[in-house]
Amino acid sequence: MYAKVIVDVAAGGVDRPFDYRLKDAHLGVAAPGMRVLVPFGKRKLTGIIVELSDTASVKNVKSISELLDVTPVLSPELLDLGSWLAKETTCFQITALFAMIPAAMRAKAQKFLVLNEKANHVDVSVQALFGQRIKIPFKEIPEDKTILKAVSRGIQENVLSVYYELKDGAKHKEQKAVTTLQSAQQPKTTKQQETLATIERVADSGAVPVATLINDHGLSRSTIQTLIKNEFLEEHQIVIERNPYERQAGDGREAKRTLTHDQHVAYESIRDAVEERSSKPMLLHGITGSGKTEVYLQAIEQVLKEGREAIVLVPEISLTPQMVERFKRRFGDHVAVMHSALSSGERYDEWMKIHRNEVQVVVGARSAVFAPFNNIGLIIIDEEHESSYKQEDYPRYHAREVAIYRSQTHECPVVLGSATPSMESFARAKKDVYTLLSLPERVNKKPLPAIELIDMRDELRGGNRSVFSSQLLDKVKDRLAKEEQIVLFLNRRGFSTFVMCRSCGYVGDCPHCEISLTYHQRGNQLKCHYCGHEETMYEECPACESEHIRFFGTGTQKVEEELQKLLPEARIIRMDNDTTRKKGSHEALLKRFGNHEADILLGTQMIAKGLDFPKITLAGVLTADTLLNLPDFRAPERTFQLLTQLGGRAGRDKREGEVVIQTYTPEHYAIQHAKSHDFEGFFAYEMQQRRQAGYPPYYFICLITFSHEELLTAMKAAERATRFLKERLSDQSVILGPTPSPISRINDRYRTQCMIKYKREPNFSEILSELFTHYQQEVHKDSRFMAIDRHPNIFM
Ligand code: ADP
Ligand code: ZN
Ligand code: ZN
């Protein structure tokens, strides 16, 4: 028997399956989807079995050295998805496969086999391995077929689990627990007898944590100790799962709401699609506050009733405690949550719950699209227009495309939800490639908040140099007087502060990147946001030694100070990368705001979404232009989306909401359409622009970027790639370049690029993969050398 194994190329292999022989001990145990250690040249590499076969394609076949798993970590469906992903995104197959496995399993983690709580059905051979222990290093499992099989069965039956202990300290927690022992005698005192009786009842033939006995059953620790000492009880260490949402564990008891007419229509279409096993994607276009989430929740309930599973993707920043709580309240323990704020150990635990079929719903960011479910009935992508659904490193996939591919295998619909769908998705819905569902009204029938534009040019003419117009300030004061709440939005990028000499015009640039440094008040430092370079703020100009060197622009911190000066009585919470770096601080800040411990929430992008606080009656945008002026064809779309989302934060409850947008270009169509809440109008106008300029959705775009320490190497590579593509692509496709990238140097590496615009290139994947193979050696050595980005989001 042979196995075809994809080995870890990054460590020096080649991107194709290799044949390996199965040792006797591995026969009947080894299966596709398991990780293995195999000899490769003089070294041993990790790999993944993708297939078993009776024959080998070459003569001299080595044996697999070691099985790293005893049950597959990737199902046949995910193995297939991996090879599709590698082809679609042009990356190594192993990279695609590893992307679907939690990082904890990829890192150099120590692996343990754990005997689960209440496990008394484990095979004797396995029991013998454990002896008195509850946890043994994986390495202690002998290469013995019978034992391996028994272990594999134990894992499938959930009597055994595999745990990974990481160097990052994300160890699983251990707890003291007790089991009852058979004894001919009775404990001496009545109290001891009663205690033992309670434990016998609670323990139910398994181990109970001592903490549970004390906290939930009111037993005394000293009595338990005595019972242990007198051998009525036996003490154990048991492993409990890290549960990041312990504090808000739901009971699945939240009542569902009666759907409005529009919600009901949308719900029925989704339900029918689920029942008919249709995999035609659906676009749910519903304005903010129209009750999309409630539709998702009820559709998922239906899916669960049919014994199927659901994946819900939300952008990282909307994975607020509020959103998670809503799902926990509705589905209780049936939900796993996955996002990047979890430690890798916690992510692994959540993944494991899915893998072991302990949960039926996963709510998570981008990578949750790979959730190892076997019977998916529905995939939901909320805020589908968000750019965070695209991964900006190998494999450069878009969660939407992965979801659609999986949905075809599982025969289930994908529902894309948004108040401001991407141009691409809405265009597809218009052409009936996607089914269009609409929720045109807010649930509470309230109109969308009125949006007022304030022309900042007038303010400047009137002598106001502050970032706050007098109108905005008046409205803020008004809300403060009424004890209502306010959110103020500041675009991070546009507001970062740079340093300039007023005498000679010198600008503080990063010595390693073609980008200016940003001033940070904390520590009086200048930092590069691309490479992390830091230096102390200059006392005099490095070029002309003048003392008139200042920072310009406005950071969130500076705005906060200015606001506090203008409104000394206001309680302000600032939310940006600086104040939310610590784990849990994001939640804590929101909680304080929710409790009305502050009046104003001032922040960057991260406050634009998901907030649902009834007392917010005013939302303000400090300058709408900073996003608009980015050199990116999607800048108007992003501006429209952001303004609309932010408008959705105000007046969600009984009180009227109002939105104020400060701008230097009030006449811009993105701002005008946002003001009139006119998505269709914006879409029509923007589509014209896209058609004229030859951008998506009229054309596909692929961006190929090279980066290298030597300018010449980067230039030559881009030239060669351009020539290579010109020879192979059709005449209708346009190749722009080779040229230096907009940011021509990052981290002392020169960057060059070429861009392809095309309508139809049936062999495009093959051509790109040929190009990739050509540079395979370079990419092995340095994965940053070449980036092939199909459907790019970033053009810098
Ligand atoms: P969206 O996701 O479209 O922004 P939500 O699902 O968050 O909208 O709904 C907005 C608010 O309306 C929430 O507070 C939600 O609890 C409430 N809601 C949604 N559907 C209903 C309904 N059918 N009846 C009453 N309240 C509802
Ligand atoms: Zn100077
Ligand atoms: Zn730099």
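Just follow the structure's listing: the first ligand is 1, and inside any ligand the first atom is 1. All heavy atoms count here, side chains included; hydrogens, waters and symmetry mates do not.
Taking every heavy atom of T258 and a limit of under 4.0 angstrom, the matching atoms of ligand 1 come to 22 (C), 23 (N), 24 (N). Of all the atoms in ligand 1, the ones that sit under 4.0 Å from a non-hydrogen atom of L259 are 23 (N). Remark: ligand 1 atoms within the under-4.0 Å shell around heavy atoms of E294 are 6 (O), 19 (C), 20 (N).
Remark: distances from the non-hydrogen atoms of G286 to ligand 1 are all 4.0 Å or more. Using 4.0 Å as the threshold, R442 has no heavy atom nearer than that to any atom of ligand 1.
Annotation: side chain of I270 is in contact with side chain of V295 (closest heavy-atom distance under 4.5 Å). Counting heavy atoms from C-beta on, the side chains of L643 and V621 come closer than 4.5 Å.
In this structure, R638 and S387 approach most closely via the heavy-atom pair NH2-CB, 4.1 Å.
In the model, S438 has no side-chain atom that pairs as donor or acceptor with a side-chain atom of H285 under 3.5 Å.
Take a cut-off of 2.8 Å around the Zn ion (ligand 3): the protein N, O or S atoms inside it are C510 SG, C513 SG, C528 SG, C531 SG.
A salt bridge links K445 with E441: the closest approach of a Lys/Arg side-chain nitrogen to an acidic carboxylate oxygen falls below 4.0 angstrom. Using a cut-off of 4.0 Å between Lys/Arg side-chain N and Asp/Glu carboxylate O, D432 and K280 are scored as salt-bridged.
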Item to check | side chain to side chain contact (heavy atoms under 4.5 Å, CB included) between F489 and L622, intermediate numbers included | outcome: CA-CA 6 Å; F489 171 80; L622 297 185; over 6 Å; no

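Remark: R428 fails to qualify as a cation-pi partner of F426 under the 6.0 Å distance and 45° angle criteria applied to the six-membered ring.
Checked by atom type and distance alone, the side chain of R366 pairs as donor or acceptor with a backbone atom of K390 at under 3.5 Å.
Neither the backbone nor the side chain of Q645 comes within contact range of ligand 1; no heavy atom lies under 4.0 Å.
When the heavy-atom distances from atom 3 (O) of ligand 1 to K292, Q298, E383, Q263 are ranked, the shortest goes to K292.
Residues satisfying the side-chain hydrogen bond (donor to acceptor under 3.5 Å, both in side chains) test with S269, not counting sequence neighbours, are none.
Checked against a 3.5 angstrom limit, the closest N/O atoms of V443 and ligand 1 fall outside it.
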